[in-house]
Amino acid sequence: MELNKDFLTREDAWRNEEIYKKIYEYSINDPDGYWNAQLDRLDWIQKPNIITKQKEDGHTLWFPDGKINACYNCVDRHAEKTPNKTALIWQSENLENYQYISFQKLKEETCRFANTLKKLGLTRKDYITIYMPMVPEAVYACLACARLGIPYSAVFAGFSPSAIALRMNDCNSSFIISCDGNMRGGKIIPLKNNVDATRELCPDRTIRSLIVKRQNIDINWDDNIDFDYYKESKDMATDCEIAETDANSELFILYTSGSSGKPKGVTMGTGGFLLFSMVTGRYFFNLFEDEIFWGSGDIGWMGGHSYALYSALANGVTTVFFEGIPTYPRKSIFWEIIDKHKVTSFNTAPTAIRAMMQHSDESLAKTSRDSLKYLGVFGEILNKDAWYWYFNEVGRCRCPIVNMWGQTELGGVPTAPLSNLEDMKTYGHIGRQFFGCKLILKDAKDNTITTPETPGALFIEKPLPGMLISIFGDKEALNKTYYSQSNEHIYFTGDEAYFDHDGNFWITGRNDDVLNVSGHRISPIEIEEVIASSEVVAEVSVVGYPHELKGEGIYAFVVLKKDISEEQRINAEKYISDRVRTIISPITKPDVISIVDDLPKTRSGKILRRVLRKIASSNTQDFEDLTTIQNPECITKIIKQVSGKLI
C-alpha cells in the first residue's frame, strides 16, 4: 500500500477511524517510511537520510546522520513566525497572580539563561541538575541546556535531599539549578535548604548552585558556590547561538519513580524523543496552533516533561504551568484555572481526579469548563467511578478522554483511544496503538498470544523513536531490564495486558503484580476496581503475599472514606470481602483486608506496591530505596495498624 506524505500527516488521523486504519497498516509494514514522512514537522540542522540503523548490540539508532537543536524547534522557529503568541501561561495559587509569556519573550529569557550558564563555565561535558518547581525559570533552564547541548537531569521539586543526592551522584552532577523556595498548598517550601543538605550527601566534590530567588526568604549563602540568578543574568545578552547536536546526543535524564526499587537514569536522545513526543502530543491532545494545553504533571516526570514542555512548545501551542496543588486554596482551583485561561486540552493524574471527585459539588458548581475539548489521564489506571465522573461531570459527556499508557523509558505515550466520542463507548482501555507501534503479548513459554481476552506479558515488537537510548552509567542494564525476557530481543514493558475483540488493549497490572492464586492468574487491578467502587472505600491497593496452601494469597490495604457511618466502618471488612466474592469470584476474595489511614505513594501519586508487598509478607525492615516516597510516616503507621494480621 502506497500513501503519500500529505496523507501520512493528515490532521484528522487520530479522529477518523478509516484514516487511522489505513495509516496504521502502512506504518507497521513500513515504519521507516512513516517516520520519514514526519521529519518535516521539525527543523533540522542536517536532515537525516537514514531513519533507523541497527547497532551491533541489537538496539536501534534513530536518525543517526541527523543534526538538530531541541530549543530551536520549541522556541526560535515560533518566535520568528508568531513572536507575540503566548507560549507559556504561568499560574500561581492566587488566581489573580499569573504571567503570559510570548514566544519572543521565551526566546529572550532562554537565551539570557543560556548565556548565564556559559558565564559560569558550564559546557557540554557537564551534567546539570534542574531541581525546580513549575515556574517560568524551570522552562528557561531546561531549554537553555538544550540550546547549549548540555545534558541535564530534571528532578521533581518535592524530592528530599537524599533523593536529589542519589540522582546527582549517579550522573556525577556538580551543578544544580533551583529556587530559594516555592509556594505549594499555601506554604513556602525552602528548596535552597534541600540544596544545602544535598551537598552534605555529595562529599566527594563541590556542588555549585544557581538560585532563582522567587520568594525572597532567608537562606544560607556562600558566595563561592552559590550564585543569584537574577544578579548573574542581569546584564546577559538576550540572544545566543544554538549548538549543533547529533540526533542521538543526550538531551536529558529522568530517573524512574522508584516504585520498583532504586531509580534508574533513563537517558533520552534528542531527535527521536522530540519527534515522538511532538507527533503523539499533536494527535492525542489536539496540539494544533490555537489550542491551550494544560498537562498538570510536574516536569520532573515524563508526562510533564514530554508533553507540557517539549510537545506543546514544539507544536507551537500555549502550555500552562501551575505552581500549586489540585485542592488549594479551593477544591475548584483546577476548574477555575481552566475557565480563566480557556484551556482546551487538560491532562492530569488519577490521584488528582479522585481527590477532586471527593468534593464534586464544591469543585464543579461554580465553573463551566466550556473551553475544554479533550481530557487526559496519565500515571496509572483510572478506576471506573472516577472515569465516569471525569467524563460525565467534568467534560459533560462531550470531551474524549485520552487514557494514556506510557512509561518513562518510552519518552511518551504509544497508545490512546481515538480522539472521538465513539471510542469512549467503554472505559478503561488504553486504546489504539500509535503509528509504527506494534504491541504483542507473550505467554510464559515465549509464545505470541493471538486470542482476544487472553492475558500475557506485554512487549513492543517494533522500536519507537522516543525510546530511551541508555540507562545512565550501566551499559548492561538496558539489555537486562528490557530486552532479555524474549528470544526475539524486543522491548519488555513489564506490564500484563490483554486485547479485546475490537483490538483495544487493557492493562491488568505490572508483570510482578499479577497474582498467581492456586494456579489462577488474577489481576490485582480487577479486584481493586470492585473494592474502590464501593460506597465506603476511598482508596485501595491489592498485593500478593506467600500463602502456605494457595502459593500466593490476596492482601487488600484499604483506606475508608471519612464520612461513612460508624456501623459501616465496623462492618467494612466483611462488606468488602462479600462484595469481591459476589462481583468477581470466590477465588478473588481477599485473604486479608487491612483498614489503614493512608497508602505509601511516590511524589507523582503512584502507590508503592513493593512496600505493601513486603509488609504483607512480614518483611518490615528492608524496603530498599524510599527516596521518592511522599509520605514515609505512613509506613510505620501501617505496620502498627496491620501488626495483628501479618503472617
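Remark: of the listed residues T415, T493, D495, D495 is the sole one forming a side chain to side chain donor-acceptor pair (under 3.5 Å) with W405. Evaluated for a side chain to side chain donor-acceptor pair (under 3.5 Å) with Y482, the options H59, E409, H489 yield exactly one hit, E409.
In this structure, a donor-acceptor pair under 3.5 Å is absent between the side chains of Q485 and Y491. In the model, R199 has no side-chain atom that pairs as donor or acceptor with a side-chain atom of N194 under 3.5 Å. Side chains of N479 and S484: no donor on one and acceptor on the other come within 3.5 Å. Using modelled atom types and a 3.5 Å distance limit, the side chains of T348 and S296 yield a donor-acceptor pair. Y152 and E250 share no donor-acceptor pair across their side chains, judged by distance under 3.5 Å alone. Judged purely by distance below 3.5 Å, without hydrogens or angles, the side chains of N220 and N193 never pair a donor atom with an acceptor atom.
Counting heavy atoms from C-beta outward, I490 and I440 have side chains that approach closer than 4.5 Å. Counting only heavy atoms from C-beta outward, the side chains of Q630 and T602 never approach each other to under 4.5 Å. Side-chain contact check for V559 versus L599: some heavy-atom pair is nearer than 4.5 Å. At least one side-chain heavy atom of P133 sits under 4.5 Å from a side-chain heavy atom of L191. Two residues are said to be in side-chain contact when any heavy atoms from C-beta on lie closer than 4.5 Å; I629 and I635 meet this criterion. Under the 4.5 Å side-chain criterion, counting only non-hydrogen atoms from C-beta, V402 is not in contact with L375. R579 has its side chain within reach of S534: a pair of non-hydrogen atoms, C-beta onward, lies under 4.5 Å apart. Within the 4.5 Å cutoff, no side-chain heavy atoms of D598 are placed close to those of K637.
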ask   = salt bridge (Lys or Arg N to Asp or Glu O under 4.0 Å) between K601 and E539: does it pass, once the steps are laid out?
value = CA-CA 12 Å; K601 299 183 185 74; E539 205 164 22; 3.2 Å; yes

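Rounded to the nearest 0.5 Å, atoms OH (Y545) and NE2 (H547) are 4.5 Å apart. Between the CE atom of M302 and the CG atom of L309 there is a distance of 11.0 Å, given to the nearest 0.5 Å. Considering CD1 of I430 and CG of N504, their distance stands at 9.0 Å, rounded to 0.5 Å. Distance check, rounded to the nearest 0.5 Å: OG of S153 to CD1 of I176 gives 9.0 Å.
The aromatic ring centres of W301 and F378 sit 6.0 Å or more apart. H429 and F505 have their aromatic ring centers separated by at least 6.0 angstrom. Less than 6.0 angstrom separates the ring centroid of F434 from the ring centroid of F284. The distance between the ring centers of F472 and Y255 does not fall below 6.0 angstrom. Ring pair Y388/Y390: centre-to-centre distance not below 6.0 Å. Checked against a 6.0 Å centroid threshold, the rings of F273 and F252 count as neighbours.
No donor-acceptor pair closer than 3.5 Å links the side chain of N631 to the backbone N or O of E633. Checked by atom type and distance alone, the side chain of T481 pairs as donor or acceptor with a backbone atom of A477 at under 3.5 Å. With hydrogens and angles ignored, the 3.5 Å screen pairs a side-chain donor or acceptor of E529 with a backbone N or O of K384. Checking side-chain atoms of S173 against main-chain N and O of Y127 turns up a donor-acceptor pair under 3.5 Å. Between the side chain of T454 and the main chain of T451, a donor-acceptor pair closer than 3.5 Å is present. A distance-only check finds a donor-acceptor pair linking the side chain of T582 to the backbone of D578 [under 3.5 Å]. In this structure, the side chain of D446 does not engage the main chain of S486 through any donor-acceptor pair within 3.5 Å. With hydrogens and angles ignored, the 3.5 Å screen pairs no side-chain donor or acceptor of E93 with any backbone N or O of P329. Without hydrogens or angle criteria, Q568 side chain to S565 main chain gives a donor-acceptor distance under 3.5 Å.
Taking each heavy atom of A616 and V543 in turn, the nearest pair found is CB-CG2, 4.1 Å.
By the neighbour-count criterion of 12 heavy atoms within 6.0 Å, atom NZ of K438 is sparsely surrounded, having that number or fewer from other residues, nucleotides or ligands. Shown here is E535, whose CD atom has more than 12 heavy atoms of other residues, nucleotides or ligands within 6.0 Å. For E453, the CD atom counts as densely surrounded, since its 6.0 Å shell holds more than 12 non-hydrogen atoms of other residues, nucleotides or ligands.
The aromatic rings of F459 and F492 are tilted relative to each other, their planes meeting at an angle between 30° and 60°. Aromatic ring orientation, F557 versus Y555: parallel (interplanar angle below 30°, classes split at 30° and 60°). Using cut-offs of 30° and 60° on the angle between ring planes, the pair W506 and Y498 is parallel.
Under 4.0 Å is where a charged nitrogen must lie from a carboxylate oxygen, and between E528 and R609 at least one such pair does. With respect to the salt-bridge test (charged N to carboxylate O, under 4.0 angstrom), the residues E488 and K442 qualify.
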